[in-house]
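Everything quoted here is computed from the prediction, not taken from an experiment.
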Amino acid sequence: MCLAVPGRIISLSNASDPLARTGRVDFSGVSREISLAYVPEAKVDDYVIVHAGFALSVLDEEEAKASLQAFRELDAAGEDR
């Protein structure tokens, strides 16, 4: 099963090289360095969909927040079992 997760870009690195461009992405309090090679238009505070260390697309903020809320609800439902 593949899972792509939304996160918010909090900083950029290697901005001058499009293929090496990375960003620190926050996933609800956990941050990771992510390749931004596939989303050259992404900037700080944008939400991106991430799979296997690569941002695949820029996501609308409302859509990202709705997805994050759905993940929280799934997590809470799992804790109730």
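Of all non-hydrogen atoms in Pro6 and Phe71, the two that sit nearest each other are CD-CE1, 3.6 Å. The minimum heavy-atom distance between Arg72 and Ser28, with the atom names listed, is NH1-OG, 4.0 Å. Of all heavy-atom pairs between Pro40 and Arg21, the closest is O-NH1, 3.3 Å.
The side chain to side chain contact (heavy atoms under 4.5 Å, CB included) test with Leu59 is passed by exactly one of Ile49, Val50, Val48: Ile49. Tested against Lys65 for a side chain to side chain donor-acceptor pair (under 3.5 Å), the candidates Glu63, Glu62, Glu61 yield a single pass: Glu61.
Put simply, the side chain of Asp46 never gets that close to the backbone of Val58: no donor and acceptor are under 3.5 Å apart. For His51 (side chain) and Val5 (main-chain N/O), no donor-acceptor pair under 3.5 Å exists by modelled atom type.
The 12-atom threshold is exceeded at CZ of Phe27, counting heavy atoms of other residues, nucleotides or ligands nearer than 6.0 Å.
Transitive grouping of hydrophobic side chains (ILVMFWY, heavy atoms separated by less than 4.5 Å) brings Leu3 and Val25 into a common cluster. Leu12 and Ile34 end up in the same hydrophobic cluster when Ile, Leu, Val, Met, Phe, Trp and Tyr side chains are linked at under 4.5 Å. The cluster map of Ile, Leu, Val, Met, Phe, Trp and Tyr, joined by side-chain heavy atoms under 4.5 Å apart, puts Tyr47 and Val39 in different clusters.
How far CG of Asp45 is from CD1 of Ile10: 9.5 Å, rounded to the nearest 0.5 Å. From Leu36, atom CG reaches atom CG of Leu56 across 11.0 Å, with rounding to the nearest 0.5 Å.
Put simply, the side chain of Lys43 does not reach to within 4.5 Å of the side chain of Ile9, judged on heavy atoms.
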